[in-house]
Q: 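After the structure tokens below, expect a handful of questions from me.
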Amino acid sequence: QVQLVESGGGLVQAGGSLRLSCAASSSISSISSLGWYRQSPGRERELVATITTGSAIRSYGNGIKGRFTISTNNAENTVYLQMNNLKVEDTAVYFCIVRGRKTYWGQGTQVTVSS
């Protein structure tokens, strides 16, 4: 059974930091990339960051680069998102995504940034 287990969301003040983690079950084969998207009320789901498993090519959404850093532990099929200098507008549900032969989504973890 495929599982993506997310952790690390929560409430933080503006300017603070959080680290999200997403562990993918070993049953997912041929993983090509892992990453994070987010969605806030009334808005479409948007890219936060992705990273490829082979060459570790990173891609970041608008307004993200320089504040957030994506990394992986390929041996454990885990992807991390270090979020620094958080802003109120970063408040959203953050979803882990893993692309292999199929695409898998996590259940989402809430990140709330207060002013």
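FYI, side chains are in, hydrogens and waters are out, and symmetry mates aren't considered; it's all heavy atoms of this structure.
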Q: Name every donor-acceptor pair, under 3.5 Å, that has one atom in a side chain of residues 92-101 and the other anywhere in the protein, sequence neighbours excluded.
A:
from	atom 1	to	atom 2	distance (Å)
Tyr94	OH	Arg38	NH1	2.9
Tyr94	OH	Asp90	O	2.6
Arg101	NH1	Ser29	OG	2.7
Arg101	NH1	Ser30	OG	3.3
Arg101	NH2	Ser30	OG	3.4

Q: Judged by atom type as modelled, is there a donor-acceptor pair below 3.5 Å linking the side chain of Thr78 to the main-chain atoms of Ala23?
A: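 Absent.
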Q: State which residue, out of Thr50, Ile51, Leu47, Val48, fulfils the side-chain contact (heavy atoms from CB on, under 4.5 Å) condition with Trp36.
A: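 Only match with Trp36 under side-chain contact (heavy atoms from CB on, under 4.5 Å): Val48.
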Q: Using side-chain contact (heavy atoms from CB on, under 4.5 Å) as the criterion, list what pairs up with Val12, not counting sequence neighbours.
A: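 Val12: side-chain contact (heavy atoms from CB on, under 4.5 Å) contacts with Leu18, Leu86, Val113.
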Q: Minimum heavy-atom separation for Thr69 and Tyr60, please, with both atom names.
A: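 Minimum heavy-atom separation between Thr69 and Tyr60: CA-OH, 3.5 Å.
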Q: Restricting to side-chain hydrogen bond (donor to acceptor under 3.5 Å, both in side chains), what partner residues turn up for Thr112, sequence neighbours left out?
A: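 Partners of Thr112 under the side-chain hydrogen bond (donor to acceptor under 3.5 Å, both in side chains) test: Gln110.
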Q: How long is the span from the OG atom in Ser59 to the CD1 atom in Ile64, to the nearest 0.5 Å?
A: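 With rounding to 0.5 Å, OG (Ser59) is 12.5 Å from CD1 (Ile64).
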Q: What heavy-atom pair brings Ser17 and Asn84 nearest, and what distance separates the two atoms?
A: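 It is OG-OD1, 2.9 Å.
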Q: Locate the shortest heavy-atom distance separating Leu20 from Gly9; write the atom from each residue and the value.
A: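 Shortest heavy-atom contact: CD2-N, 3.5 Å.
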Q: Distance check, rounded to the nearest 0.5 Å: Ser7 atom OG versus Arg19 atom CZ?
A: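 Taking OG in Ser7 and CZ in Arg19, the distance rounds to 9.0 Å.
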Q: Given the rule in the side chain to side chain contact (heavy atoms under 4.5 Å, CB included) test, do Tyr37 and Glu44 qualify, once you have shown the distances and angles that lead to the verdict?
A: CA-CA 10 Å; Tyr37 280 69; Glu44 293 186 354; over 6 Å; no
Q: What's the shortest heavy-atom distance between Gly106 and Leu4, and which atoms?
A: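 Result for this residue pair: N-CD1, 3.4 Å.
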Q: Of the non-hydrogen atoms in Met83 and Val111, which two are nearest, and what is the gap between them?
A: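 Shortest heavy-atom separation between Met83 and Val111 comes out as CE-CG2, 3.9 Å.
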Q: Tell me, do Thr72 and Thr53 make a side-chain contact under 4.5 Å, heavy atoms counted?
A: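 Side chain of Thr72 against side chain of Thr53, heavy atoms only: no contact under 4.5 Å found.
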Q: Dump the intermediate steps for side chain to side chain contact (heavy atoms under 4.5 Å, CB included) on Ser114 and Leu11, then the final yes or no.
A: CA-CA 7 Å; Ser114 63; Leu11 173 64; 4.3 Å; yes
Q: Considering all heavy atoms of both residues, which atom of Glu6 and which atom of Gly108 are nearest to each other, and what is their separation?
A: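 Heavy atoms only, the tightest pair is OE1-N, 2.7 Å.
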Q: Short question: side chain of Arg67, backbone of Asn85 - any donor-acceptor pair under 3.5 Å?
A: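 Yes; judged by distance alone, with no hydrogens or angles, the pair exists.
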Q: Counting only heavy atoms not in Gln13, do more than 12 fall under 6.0 Å of its CD?
A: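 Atom CD in Gln13 is not crowded, with 12 or fewer foreign heavy atoms closer than 6.0 Å.
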Q: For residues Asn77 and Ser25, determine if any side-chain heavy atom of one lies less than 4.5 Å from a side-chain heavy atom of the other.
A: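 No, their side chains stay 4.5 Å or more apart.
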